[in-house]
Amino acid sequence: MTEYHPQELDAKWQKHWADTQAFEVTEDPSKPKFNFLEMFAYPSGHAHVGHVRNYIIGDVVSRLKRLQGFNVLHPFGWDAFGLPAENAAIKNGIHPETSTLGNIAHMKGQLQRLGISYAWGRELATCLPNYYRWNQWLFTRMFEKGLAYRRRSTVNWCPVDATVLANEQVVDGACWRCGTAVVQKDLEQWFFKITHYADDLLHAAEGLSKWPEKVLTMQRNWIGRSEGAKVKFPIQGEDASIEVFTTRIDTIYGATFVMLAPEHGLVTSFAKQSQDEKAFMEKAQRFRSQDRAGRLTGEVAKEGFFTGRFAINPFTHKPVPIWVANYVLGEYGTGAVMAVPAHDDRDLDFATKYDLPIVTVVNDDGVLVESGKYDGRLADDARRAITEEAEERGIGEGTVQFRLKDWGISRQRYWGTPIPMIHCPVDGVVPVPDDQLPVTLPNITEFTGRGDSPLASVPEFVNVACPKCGGPARRETDTMDTFVDSSWYFYRFADAHNDQMPFDPKKVAYWCPVDFYSGGIEHAILHLIYSRFFARVFHDLGMTEHTEPFTHLLTQGMVLKDGAVMSKSKGNVVDPDSMIQKYGSDALRLYVMFVAPPEKEVEWSDSGLEGSFRFLARVWRAADQWREQAMVSGSGAVEHASLTAAERAMRRKTHDTVRRVTQDIDVRQQMNTAVSAMMELVNELYAFTDKGERSAQAPKVAREAIEALVVMLSPFAPHTMEELWQMFGHQGGLAGAAWPVCDADVAKAEELEIPVQVNGKLRGRVTVAPDITDQELEALALADPNVHRILRKLAEGELDSFGDISTLADPAVVA
RNA sequence: GCCGGGGUGGCGAAACUGGCAGACGCACAGGACUUAAAAUCCUGAGAGGGUAACCCCCUCGUGCGGGUUCGAUUCCCGCCCCCGGCACCA
């Protein structure tokens with residue numbers, strides 16, 4: 001009897017995998033490739049079981065694919081730049097590099113103790129110059145193509161993190177990281193022109209058939225395409241006009257006033273012409289400050305004030321008052337809106353409050369009224385016709401608006417990629433030449449968190465010669481948003497050590513797109529839309545052949561403890577290492593997969609983990625019990641026909657389990673039911689061992705079951721299964737094993753128990769051969785005493801409906 | 001408000017194409033082994049009822065109310081609740 005000591009097996013096999021470099025791969029055109037990627041990790045210090053769940057999902061599929069003969073790339077890396085490390089440095093004086101590299105070392109150890117099958121030879125960390133130099137290289141390419149540009153704009157500013165945030169990073173008016181209410185600020189900023197791809201990002205999403213509908217919907221909403229028209233309303237008494245955007249140009253005859261966003265450029269000039277400029281601007285200013293942060297608290301009442309000026313409705317030719325309204329957004333459309341109170345609830349609210357005219361121009365049947373020559377036309381039709389007229393008259397045009405805005409990537413912080421640009425008083429903005437990359441982060445010893453960009457305080461960094469004229473110039477001191485780092489790292493894994501290019505296009509052509517990507521739903525918009533954007537940029541640079549980086553996406557659910565998301569601050573973190581110490585890593589891996597389907601949230605349970613440990617010990621004992629006999633009898637072919645009924649049933653279960661497990665992992669990614677199926681197989685094996693009628697071939701039958709089980713369980717519990725595989729006499733480890741194949745003939749049932757329903761209710765069961773004819777089956781069903789009794793009752797009218805008998809395999813009806 | 005996903009035993013869940021609801025596991029109970037306990041192995045269990053009793057049989061049961069169907073956790077209509085996302089986007 002060999003005892004099950006999982007912790008010893010963990011150590012033994014982890015060493016074996018490291019020594020044999022078991023998971024390192026190279027391009028091999030003769031093999032089908034499979035690229036499985038889990039979202040890389042922010043090195044926060046410690047991984048808890050919630051983080052780890054995702055890595056286990058990835059490992060199960062990766063190990064399955066290897067056993068199926070795929071050339072599997074399964075890499076890992078670190079999203080290592082970012083604010084927490086810098087904020088920690090301000091607090092405790094430890095340099096971000098020191099803390100980050102320390103955290104990476106610790107977390108890497110945690111993942112290795114779990115036995116995740118990563119190709120560690122390709123490990124990357126975004127905070128290292130050999131990675132971020134390619135951010136800079138790409139930035140320069142984007143600058144050349146006009147996809148990176150600089151402009152002054154109103155930005156979201158987090159006062160606590162002391163930096164700009166992208167719109168995507170503002171959640172409910174607050175900073176996505178620290179939760180502080182975001183304020184608006186005017187700054188000169190670098191932007192990536194993601195809007196260039198807005199339409200393509202939207203349309204191509206339709207083709208992402210293996211992405212969750214939820215994520216696609218979120219992306220669609222985020223891009224927010226709407227078709228409409230821009231129309232100019234001349235300003236009375238001036239040779240100027242206000243351009244509005246509307247999706248309902250068919251209601252333009254009902255536009256009884258015009259509204260400007262408080263940020264609109266005309267607000268300042270109207271203020272100057274007003275009687276009290278100061279009061280005017282104060283009101284506008286108040287609306288602006290309400291804009292984002294104010295909405296966090298919920299309802300901000302609609303408010304506005306009359307500018308004192310009028311515009312001319314270009315269709316009714318009547319003067320309409322111009323108002324400033326707090327619910328008109330400066331950054332959407334043209335920042336000005338025509339108000340049609342009769343056909344827009346918001347405008348109606350506003351018009352009612354300020355007693356502005358309401359004119360109905362579309363009746364209940366969708367037909368235009370009070371609309372001049374368009375009276376009697378259907379709204380849809382009128383929309384086209386009025387747009388055409390506006391175009392002919394040169395006062396408007398049909399257009400498409402997106403909610404998506406360009407991505408502001410400048411950050412006034414230290415711990416990020418330096419933007420590789422130089423400001424020259426003579427030549428303007430000049431990129432750092434490629435042969436001078438990387439622009440490395442200077443070492444800073446004191447982190448204060450005050451003032452401008454920390455890099456601005458390092459004179460030897462800031463003061464440089466202009467690459468063009470050689471004159472004195474000033475280096476850009478902002479760093480890049482860390483989402484730049486994560487928008488293309490999946491390509492770097494295909495060629496992680498290239499020092500000439502971000503990657504060799506040939507290697508990416510082999511490994512990419514990523515076949516299977518898994519990670520948290522919280523990245524549904526930010527990271528996934530930016531990555532899709534970068535994939536298009538690389539494509540347009542001629543470096544890749546595809547535009548969609550991730551073929552299959554799985555968003556895994558979180559692990560809760562006591563009903564809440566695990567977090568250090570809540571103190572409900574479950575540490576994988578303590579679980580491994582108690583039960584071994586395999587039990588932890590198995591439990592996390594068994595408890596629920598991957599995309600579902602789960603509640604952590606210590607006793608559930610213990611159950612998984614018990615199961616592994618049970619598998620171990622079964623294998624141990626049969627080992628000697630199995631070794632003696634060898635693994636040669638079994639003569640199926642000469643087996644006892646119990647042996648045939650055992651084989652049937654084995655092959656049927658192979659079918660189910662393969663389907664569950666490979667096709668459905670329902671790891672929990674795959675584990676259930678294997679538990680059933682083990683239960684069957686115990687029953688067979690205990691009391692099944694056995695022939696001389698029994699050890700072969702048991703061996704077949706056990707070896708299939710060992711291979712199928714190995715993605716979940718690799719250490720234990722490697723050991724059992726070796727115990728059954730196999731050399732070279734599971735790397736040499738093949739995924740079992742279901743023999744359909746063996747898996748087929750010899751007899752079927754068929755439930756018999758009468759009027760949809762179960763009334764009996766008959767046991768039959770699988771090749772029975774319908775007539776025979778019906779006769780047998782009718783012969784069942786209970787079925788017979790019920791049918792007689794029906795015939796006697798005791799029950800009020802007609803008899804309808806059906807067998808589940810083969811529904812049949814009798815009167 | 002809009003969009004997406006859910007609601008099934010004491011608990012986590014399963015049911016893949018409209019066909020035996022609750023597989024598998026946790027917790028629980030009983031038995032075997034043991035001086036005893038732990039571990040292990042075996043057995044039981046949706047709720048209610050019928051039968052002296054066993055085999056068994058009946059009724060109800062997948063958030064609520066309707067519908068389609070021989071038959072609905074599954075499809076259709078209406079509603080309630082929970083989770084996630086978006087939210088003055090003109």
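Residue numbers start from 1 in every chain, and the chains themselves are labelled A, B, ... in the order their sequence lines are given, proteins ahead of strands. In this text, all values refer to a predicted model and were calculated from it rather than measured experimentally.
- Residue A:Arg621 has a polar side-chain atom (N or O) positioned under 4.0 Å from OP1 or OP2 of B:C41.
- Rounded to an integer number of Å, the gap from CD of A:Gln625 to P of B:U40 is 15 Å.
- Comparing the P positions of B:C70 and B:A15 gives an interatomic distance of 28 Å, to the nearest angstrom.
- Distance noted for atom C1' between B:C60 and B:G9: 15 Å (whole Å).
- Remark: B:C75 base-pairs with B:G67; criterion is Watson-Crick or G-U wobble with both hydrogen-bond distances under 3.5 Å.
- With rounding to whole Å, A:Gln670 atom CD is found 12 Å from B:A13 atom P.
- A gap of 14 Å separates the C1' atoms of B:A47 and B:U8, to the nearest Å.
- Per the geometry, CD belonging to A:Glu610 stands 13 Å off P belonging to B:A38, to the nearest Å.
- For the pair A:Tyr686 and B:C42, the criterion of a side-chain N or O lying under 4.0 Å from OP1 or OP2 is not met.
- The A:Arg403 side chain lies nearest to B:A87 when the options are B:C41, B:A14, B:A87.
- Residues A:Tyr583 and A:Glu610 bring a donor and an acceptor atom of their side chains to less than 3.5 Å of each other.
- The backbone N or O of A:Thr2 sits less than 3.5 Å from a side-chain atom of A:Asp624, completing a donor-acceptor pair.
- For A:Ser226, whose side chain is taken as the heavy atoms from C-beta onward, the closest listed nucleotide among B:C16, B:A90, B:A23 is B:A90.
- Nucleotides B:G7 and B:G12 have their P atoms positioned 12 Å apart, rounded to a whole Å.
- For A:Met679, counting side-chain heavy atoms from C-beta on, the closest listed nucleotide (B:A90, B:A14, B:C24) is B:C24.
- Nucleotides B:A52 and B:U62, compared at atom C1', are 36 Å apart to the nearest Å.
- If you take atom P in B:A38 and the same atom in B:G31, they sit 13 Å apart, rounded to whole Å.
- Between A:Tyr327 and A:Phe350, the distance separating the two ring centers is shorter than 6.0 angstrom.
- Across B:A90, B:U40, B:C3, the shortest atom-to-atom separation from the side chain of A:Val328 is found for B:A90.
- Here A:Arg614 does not reach the OP1 or OP2 of B:G25: none of its side-chain N or O atoms lies under 4.0 Å away.
- At the phosphate of B:G4, neither OP1 nor OP2 sits under 4.0 Å from any side-chain N or O atom of A:Asn221.
- Distance noted for atom P between B:C76 and B:A23: 28 Å (whole Å).
- The side chain of A:Lys600 places an N or O atom within less than 4.0 Å of a non-bridging phosphate oxygen (OP1 or OP2) of B:A13.
- The CH2 atom of A:Trp211 sits 16 Å away from the C1' atom of B:G4 (whole-angstrom rounding).
- For A:Ser676, taking side-chain heavy atoms from C-beta onward, the closest of the listed nucleotides B:A23, B:C88, B:C41 is B:A23.
- The residue from A:Tyr4, A:Phe615, A:Trp626 that alone fulfils the ring pair (Phe, Tyr, Trp, His ring centres under 6.0 Å) condition with A:Trp620 is A:Tyr4.
- Between A:Arg220 and the phosphate of B:C86, there is no side-chain N or O to OP1/OP2 separation shorter than 4.0 Å.
- In this structure, of B:C88, B:C3, B:A14, it is B:C3 that holds the atom nearest to the side chain of A:Thr217.
- Aromatic ring centroids of A:Trp323 and A:Phe305 lie 6.0 Å or more apart.
- Note on A:Asn672: a side-chain N or O is less than 4.0 Å away from OP1 or OP2 of B:A14.
- In this structure, CD of A:Gln663 is placed 14 Å from C1' of B:A15, rounded to the nearest angstrom.
- A 3.5 Å limit on both hydrogen-bonding distances identifies B:C86 as the Watson-Crick or G-U partner of B:G1.
- In this structure, A:Glu206 pairs ionically with A:Arg220, as a charged nitrogen and a carboxylate oxygen lie closer than 4.0 Å.
- Counting non-hydrogen atoms of neighbouring residues, nucleotides and ligands closer than 6.0 angstrom, the NZ atom of A:Lys353 exceeds 12 such neighbours.
- Residue A:Leu713 contributes atom CG, which lies 17 Å from atom P of B:C24 at whole-angstrom precision.
- Comparing B:C26, B:G85, B:A87 by their closest approach to the side chain of A:Met218 singles out B:G85.
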